[in-house]
J.: 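Dropping the structure in here first, questions after.
In listed order, ligands and their atoms are each counted from 1.
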Amino acid sequence: MGEAGESIDTSVPHPARRYNYWLGGKDHFAADRASGDAIAKAFPIVVALARANRKFLGRAVTFVAGEGVRQFLDVGTGLPAPDNTHEVAQRIAPEARVVYVDNDPIVMVHARALLQSDPRGRTAYLEADLRDPDAILKHEALRDTLDLNEPVGLLLIAILHFIHDDARAAASVRALIDALPAGSFVAITHGTMDFSSPEGVAAYEKMFAAGGTDVRARGRQQILGWLDGLEVVEPGLTLVSDWRADDDPADRPVSDDLGIYAVVARKP
Ligand SMILES: C[S@@+](CC[C@H](N)C(=O)[O-])C[C@H]1O[C@@H](n2cnc3c(N)ncnc32)[C@H](O)[C@@H]1O
């Protein structure tokens, strides 16, 4: 596994590998499966939500590329899965450039798969933490790949709920948005308990406090607050499976406990 492999601790569950497990991938270890099963036992909807989240990623990138954006900054890349950001974007615009960012060394090990760009476009990968947005913005790989004078599609898909500190999460979103020019877009998905009963919320809070889940659920207003000054794209903040979806609504997961919100906004 080389250098990256030395810092991988497979005895601790990791969001990227647990998500890969829920998506039906092969890149997970016993600790990831145990954590994934424990969360799915408390919230059986989580597997369907993970899959719906992944589909939203594709729809959001398609939408933003359709608006003429040719550069993407995908923070919280995850392990390669069908329809990675550059594959979706380059289907629409082969010249699209994508910078992937993740703090999981296992994603680094798989980065080669993410770097199979259409020769007309470009992809780069950098290992960094969303809690340190300056390190992302100043990174050579980003500066070499993206032109920050041109609009960028910023993707924060199923990552912000892993930052538990509210001020830190808000500051990270703000720093990245501030660095992008007018005409840029940001797409966010985020876990929420807004649809849960009070008993469900209490059970979630107990589980979170005991370390049983690392997802810090947040509410509609808090997520929209990050987008102050931006134009929220229609249909606004919705459940992830509803955002500009064209499948049968009857096939979508019903979030009566844990849900995932999705939103896309444009910087004017
Ligand atoms: C649930 S996965 C989502 C993957 C992909 N964005 C998607 O939606 O299909 C979350 C990813 O965020 C990464 N991550 C979590 N916290 C992070 C942080 N503070 N900085 C950078 N990456 C982080 C994890 O390693 C993982 O790959």
J.: How about H164 and F208: are their ring centroids closer than 6.0 Å?
T.: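 They qualify: ring centres under 6.0 Å apart.
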
J.: Report the nearest protein non-hydrogen atom to atom 15 (C) of ligand 1: residue, atom name, distance rounded to 0.1 Å.
T.: F162 CD1, 3.9 Å

J.: Which atoms of ligand 1 sit under 4.0 Å from any heavy atom of R54?
T.: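 Per the distance check, 7 (C), 9 (O).
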
J.: From the options G76, G58, P105, select the one whose nearest heavy atom is closest to atom 4 (C) of ligand 1.
T.: G76

J.: Are the side chains of F185 and V233 in touch, meaning some heavy atoms are under 4.5 Å apart?
T.: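 Yes, close enough: below the 4.5 Å cut-off.
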
J.: Considering both backbone and side-chain atoms of L130, is one of its nitrogen or oxygen atoms within less than 3.5 Å of a nitrogen or oxygen in ligand 1?
T.: yes

J.: Mind checking whether V107 and Y125 have side chains closer than 4.5 Å, heavy atoms only?
T.: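 Yes; the side chains approach each other to less than 4.5 Å.
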
J.: Between S241 and A52 (side chain of the first, backbone of the second, donor and acceptor by atom type, cut-off under 3.5 Å), is there such a pair?
T.: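 No, the answer is negative, given that no donor and acceptor are paired below the 3.5 Å cut-off.
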
J.: Which residue and atom name correspond to the protein heavy atom nearest atom 10 (C) of ligand 1, and how close is it?
T.: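 Going atom by atom, the protein heavy atom closest to atom 10 (C) of ligand 1 ends up being A158 O, 3.3 Å.
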
J.: Distance alone, cut at 3.5 Å: any donor-acceptor contact between the side chains of Y100 and N84?
T.: no

J.: A128 near ligand 1, heavy-atom distance under 4.0 Å?
T.: yes

J.: Considering D102, V101, L155, which one's heavy-atom position lies nearest to atom 25 (O) of ligand 1?
T.: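 The nearest heavy atom belongs to D102.
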
J.: Quick one: do R17 and D104 satisfy salt bridge (charged side-chain N to carboxylate O under 4.0 Å, His left out)? Show the steps, please.
T.: CA-CA 9 Å; R17 307 188 298 254; D104 179 9; 3.7 Å; yes

J.: Please lay out, stage by stage, how R216 and D166 fare under the test salt bridge (charged side-chain N to carboxylate O under 4.0 Å, His left out).
T.: CA-CA 9 Å; R216 175 70 281 188; D166 290 338; over 6 Å; no

J.: Among protein heavy atoms, which lies nearest atom 7 (C) of ligand 1, and at what distance?
T.: Y19 OH, 3.2 Å

J.: Heavy atom under 4.0 Å from ligand 1: found in A50's side chain, backbone, both, or neither?
T.: neither

J.: With a heavy-atom distance limit of 4.0 Å, tell me whether T77 approaches ligand 1 through its side chain, its backbone, both, or neither.
T.: backbone

J.: Report yes if some N/O of D74 lies less than 3.5 Å from some N/O of ligand 1; otherwise report no.
T.: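 It does not: no N or O of D74 is found under 3.5 Å from an N or O of ligand 1.
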
J.: Suppose I only count heavy atoms of R131 and a 4.0 Å limit; which atoms of ligand 1 are within that range?
T.: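 Heavy-atom distances to R131 below 4.0 Å select 19 (N).
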
J.: Counting C-beta onward and ignoring hydrogens, is there a side-chain heavy-atom pair between H139 and V101 closer than 4.5 Å?
T.: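 No, their side chains stay 4.5 Å or more apart.
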
J.: At a 4.0 Å threshold, what atoms of ligand 1 neighbour a non-hydrogen atom of H14?
T.: 24 (C), 25 (O)

J.: Decide yes or no on salt bridge (charged side-chain N to carboxylate O under 4.0 Å, His left out) for R70 and E150, but give the supporting numbers first.
T.: CA-CA 9 Å; R70 296 293 175 260; E150 294 291 324; over 6 Å; no

J.: Picking from R54, K55, R91, what satisfies side chain to side chain donor-acceptor pair (under 3.5 Å) with D83?
T.: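 It is R91; the other options fail the test.
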
J.: Got an N/O contact under 3.5 Å between G78 and ligand 1?
T.: yes

J.: Is it true that the side chains of Y21 and D37 contain a donor and an acceptor less than 3.5 Å apart?
T.: yes

J.: Please write down residue, atom name and distance for the protein heavy atom closest to atom 19 (N) of ligand 1.
T.: D129 OD1, 2.9 Å

J.: Which one of I260, V240, N103, D214 has a non-hydrogen atom at the shortest distance from atom 17 (C) of ligand 1?
T.: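 Result: the heavy atom closest to atom 17 (C) of ligand 1 is in N103.
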
J.: So if I count the atoms of ligand 1 from 1 in the order they appear, which ones are less than 4.0 Å from some heavy atom of D104?
T.: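 That gives atoms 25 (O) of ligand 1.
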
J.: Any chance you could lay out the ring pair (Phe, Tyr, Trp, His ring centres under 6.0 Å) test for F195 and Y261, step after step, and finish with the verdict?
T.: CA-CA 11 Å; F195 301 90; Y261 274 134; 5.6 Å; yes

J.: Below the 3.5 angstrom mark, is there an N/O of A16, backbone or side chain, next to an N/O of ligand 1?
T.: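 N/O-N/O distance below 3.5 Å does not exist for this pair.
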
J.: Can you pull out the closest protein heavy atom to atom 8 (O) of ligand 1? Residue, atom name and distance to 0.1 Å, please.
T.: N53 ND2, 2.9 Å

J.: Looking at ligand 1, is there an atom of it that comes within less than 4.0 Å of some heavy atom belonging to R18?
T.: no

